[in-house]
Amino acid sequence: MSKVAVIGTGYVGLTTGAYLAHLGHHVVCADIVEEKIALLQSGRIPILEAGLEELVREGLDGGRLSFVLGAANAVPDAEFVFLCVPTPQASDGSADLSYIEEAAREIGPVLEPEAVVINKSTVPVGSTRVVEQAVGRDDVSVISNPEFLREGSAVHDSLHPDRIVIGGDDQAAAIRVASLFEDLQAPLIVTSPASAEVIKYASNAFLATKVSFINAVANLCEAVGADVREVVLGMGYDKRIGFEFLKPGPGWGGSCFPKDTRALVHIAEDAGYDFGLLKGVIQVNDEQIERVTAKVEKMAGGSVDGIVVAVWGLTFKARTDDMRDSPSLEVISRLRKRGATVRAFDPTVRRQLEGIEVCDDPYAACEGASVLVLLTEWDEFRWVDFGKVHDALARPVIVDARNLLDPAALRRQGFTYEGVGRS
Ligand SMILES: NC(=O)c1ccc[n+]([C@@H]2O[C@H](COP(=O)([O-])OP(=O)(O)OC[C@H]3O[C@@H](n4cnc5c(N)ncnc54)[C@H](O)[C@@H]3O)[C@@H](O)[C@H]2O)c1
């Protein structure tokens, strides 16, 4: 079993540290946020992620997992150091590598001889070289190991990966990294650093393309009187197509797709290739957010100025508490700019957000609202008492931007219902 350090304890770093400890490795995780480290040392976690707290406790109790403040304090002794720090979008759409470079510079002088630095953050082509330079050590190899976990099922995805990609020029280091994951029995793809970096961006861009594609088809269905749910059923049984990511909605969001699609357009531009297809995918997504906003306006009687809009769902998808780049927040922002007052409910959000009245239950959010819009596909929204919702709303109008609810049942209860891509 190996000695591992993980730099950054966000969704990727904390999950990586916890499951590597579960596999038997000795793991030290570092972050720069003092409160986060204190919380983690006490066995609690700052994010909602199924099964992760249990895995962290298991690691702490077994003495295989610990948390320290500052990257440099995690790496002495470590044979492997995973970089799991943010790569946010820079103002020109490219990936901002400053967190990676800073972390790499910090650990460089204190790395063990022959250590391997493994980049798990999503980074553009050429970043392995950037990290090598920032680390500044001839005896240390840098490997790219992109992460494919999904928030909401991060632990499951990490323990049962579809594939593991290891990109490196140093074959011996790549094989050493592969040995960390041997118990996972996943297909292993060893590539050049550039291919590994492209694999990650291309995978996210492809998934975003599927969502934008089905949103465009949903818009077509509305125009021609077809039902997108029937269309998806007819398409998805084709094994070449499948059902995954063919769910129309308010557009994709979250901490990865928006920045990664734009970064890939930027990477292509830098390389002299105009990635027109991906630009179209991004454009469809931007338009989808506006279409949903306009639908709420239409269902409110033509304008939301001066009315209360109830919103169900604030996170960018269900089963996470992550609101980064959530389409829901973007729709809310547009509604507020057009004069609406927004009352919202989300199963995982209890704190107040600027300009939004966050309520404790779905009924309170509906109190006095002229329209209810469902923006995140939380399963519990199916099971609310729609009689109570009817009583709470000023007008019984629902915009179901996720096609989660049963239109026939709602119409029988006296609601006016509007979904996406279906009548
Ligand atoms: N969230 C996902 O679903 C996901 C999936 C695959 C890949 N990724 C990629 O993984 C990377 C990390 O994403 P995330 O969602 O885990 O980010 P995050 O923002 O949740 O966590 C990053 C953590 O790094 C810490 N940090 C920043 N600088 C540091 C430093 N110098 N030393 C120690 N800690 C430092 C931050 O305090 C934070 O806790 C990004 O490149 C992202 O694109 C994310």
Please give me the minimum heavy-atom distance between [X] and [Y], naming the atom from each residue.
{"X": "Pro248", "Y": "Ile214", "answer": "N-CG2, 3.7 Å"}
{"X": "Arg163", "Y": "Ser203", "answer": "NH2-OG, 3.3 Å"}
{"X": "Leu329", "Y": "Leu353", "answer": "CD2-CD1, 4.4 Å"}
{"X": "Gly43", "Y": "Leu60", "answer": "CA-CD1, 3.5 Å"}
{"X": "Asp400", "Y": "Leu405", "answer": "OD2-N, 2.8 Å"}
{"X": "Val342", "Y": "Val311", "answer": "CG1-CG2, 3.7 Å"}

Would you say [X]'s side chain and [Y]'s backbone share a donor-acceptor pair under 3.5 angstrom?
{"X": "Ser192", "Y": "Ser195", "result": "yes"}
{"X": "Glu53", "Y": "Arg44", "result": "no"}
{"X": "Asn403", "Y": "Val420", "result": "yes"}
{"X": "Arg324", "Y": "Ser255", "result": "no"}
{"X": "His25", "Y": "Val4", "result": "no"}
{"X": "Tyr11", "Y": "Arg150", "result": "no"}
{"X": "Asp31", "Y": "Thr9", "result": "yes"}
{"X": "Arg343", "Y": "Ala364", "result": "yes"}
{"X": "Asp321", "Y": "Leu48", "result": "yes"}
{"X": "Asp322", "Y": "Gly254", "result": "no"}

State, with a plain yes or no, whether a side-chain heavy atom of [X] is found less than 4.5 Å away from one of [Y].
{"X": "Thr122", "Y": "Lys259", "answer": "yes"}
{"X": "Pro124", "Y": "Leu97", "answer": "yes"}
{"X": "Cys366", "Y": "Phe345", "answer": "no"}
{"X": "Thr348", "Y": "Thr320", "answer": "no"}
{"X": "Val12", "Y": "Ser121", "answer": "no"}
{"X": "Val296", "Y": "Leu335", "answer": "yes"}
{"X": "Tyr363", "Y": "Val389", "answer": "yes"}
{"X": "Arg402", "Y": "Pro250", "answer": "yes"}

Cut-off 3.5 Å, side chains only: do [X] and [Y] have a donor facing an acceptor?
{"X": "Thr315", "Y": "Trp378", "answer": "yes"}
{"X": "Asn119", "Y": "Glu197", "answer": "no"}
{"X": "Gln413", "Y": "His390", "answer": "no"}

Surrounding [atom1] of [X] (heavy atoms of other residues, nucleotides or ligands, distance under 6.0 Å), is the total greater than 12?
{"X": "Tyr99", "atom1": "OH", "result": "no"}
{"X": "Glu102", "atom1": "CD", "result": "no"}
{"X": "Phe206", "atom1": "CZ", "result": "no"}
{"X": "Glu380", "atom1": "CD", "result": "yes"}
{"X": "Glu34", "atom1": "CD", "result": "no"}

Salt bridge check: are [X] and [Y] linked by an N-O gap of less than 4.0 Å?
{"X": "Glu49", "Y": "Arg319", "result": "no"}
{"X": "Lys279", "Y": "Asp274", "result": "yes"}
{"X": "Asp391", "Y": "Lys388", "result": "no"}
{"X": "Glu132", "Y": "Arg129", "result": "yes"}
{"X": "Asp286", "Y": "Arg262", "result": "yes"}
{"X": "Arg291", "Y": "Glu222", "result": "yes"}

Query - Stepwise side chain to side chain contact (heavy atoms under 4.5 Å, CB included) test for Ile164 and Ile166 - result: CA-CA 7 Å; Ile164 294 169; Ile166 297 177; 4.0 Å; yes
Query raised in the report: Would you call the rings of Phe257 and Phe245 parallel, tilted or perpendicular if under 30° counts as parallel and over 60° as perpendicular?
Result: tilted
Report task. Would you please indicate if the ring centroids of Phe381 and Trp312 are separated by under 6.0 Å? Result ->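 Between Phe381 and Trp312, the centre distance is under 6.0 Å.
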Query raised in the report: Taking the six-membered ring for Trp, is the centroid-to-centroid distance between Tyr273 and Phe275 below 6.0 Å?
Result: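 For Tyr273 and Phe275, the ring centres are under 6.0 Å apart.
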Query raised in the report: Run the salt bridge (charged side-chain N to carboxylate O under 4.0 Å, His left out) check on Arg336 and Glu354 step by step: do they pass?
Result: CA-CA 11 Å; Arg336 288 186 59 233; Glu354 202 194 326; 5.9 Å; no
Report summary line: Residues at least two apart in sequence or cross-chain that pass side chain to side chain contact (heavy atoms under 4.5 Å, CB included) with Asp305, listed by chain then number, are Ser303
Query - Glu377 vs Lys247, salt bridge (charged side-chain N to carboxylate O under 4.0 Å, His left out): CA-CA, chis, key distance, verdict - result: CA-CA 10 Å; Glu377 71 282 24; Lys247 295 194 177 73; over 6 Å; no
Query - side chain to side chain contact (heavy atoms under 4.5 Å, CB included) between Phe148 and Asp157, intermediate numbers included - result: CA-CA 8 Å; Phe148 302 101; Asp157 294 349; over 6 Å; no
Query raised in the report: Nearest 0.5 Å, what's the CG-CZ distance between Asn73 and Phe67?
Result: 15.0 Å
Report task. Verify side-chain hydrogen bond (donor to acceptor under 3.5 Å, both in side chains) between Ser212 and Thr209, making sure each step is shown before the conclusion. Result -> CA-CA 5 Å; Ser212 279; Thr209 302; over 6 Å; no
Requested in this report: List the steps and the verdict of side-chain hydrogen bond (donor to acceptor under 3.5 Å, both in side chains) for Asn215 and Glu287.
Outcome: CA-CA 10 Å; Asn215 279 336; Glu287 287 168 5; over 6 Å; no
Do you know which of [options] makes side chain to side chain contact (heavy atoms under 4.5 Å, CB included) with [X]?
{"X": "Val81", "options": "Val75, Val142, Ile118", "value": "Val75"}
{"X": "Leu55", "options": "Ile45, Val155, Thr15, Leu14", "value": "Val155"}
{"X": "Leu375", "options": "Leu314, Val399, Asp346, Val292", "value": "Val292"}

Report task. Check side chain to side chain donor-acceptor pair (under 3.5 Å) between Arg338 and all other residues, then give those that pass, not counting sequence neighbours. Result ->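 Side chain to side chain donor-acceptor pair (under 3.5 Å) list for Arg338, sorted by chain: Glu290, Glu297.
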Query raised in the report: Given Val211 and Leu207, is the side chain to side chain contact (heavy atoms under 4.5 Å, CB included) satisfied, shown in steps?
Result: CA-CA 7 Å; Val211 180; Leu207 294 172; 5.8 Å; no
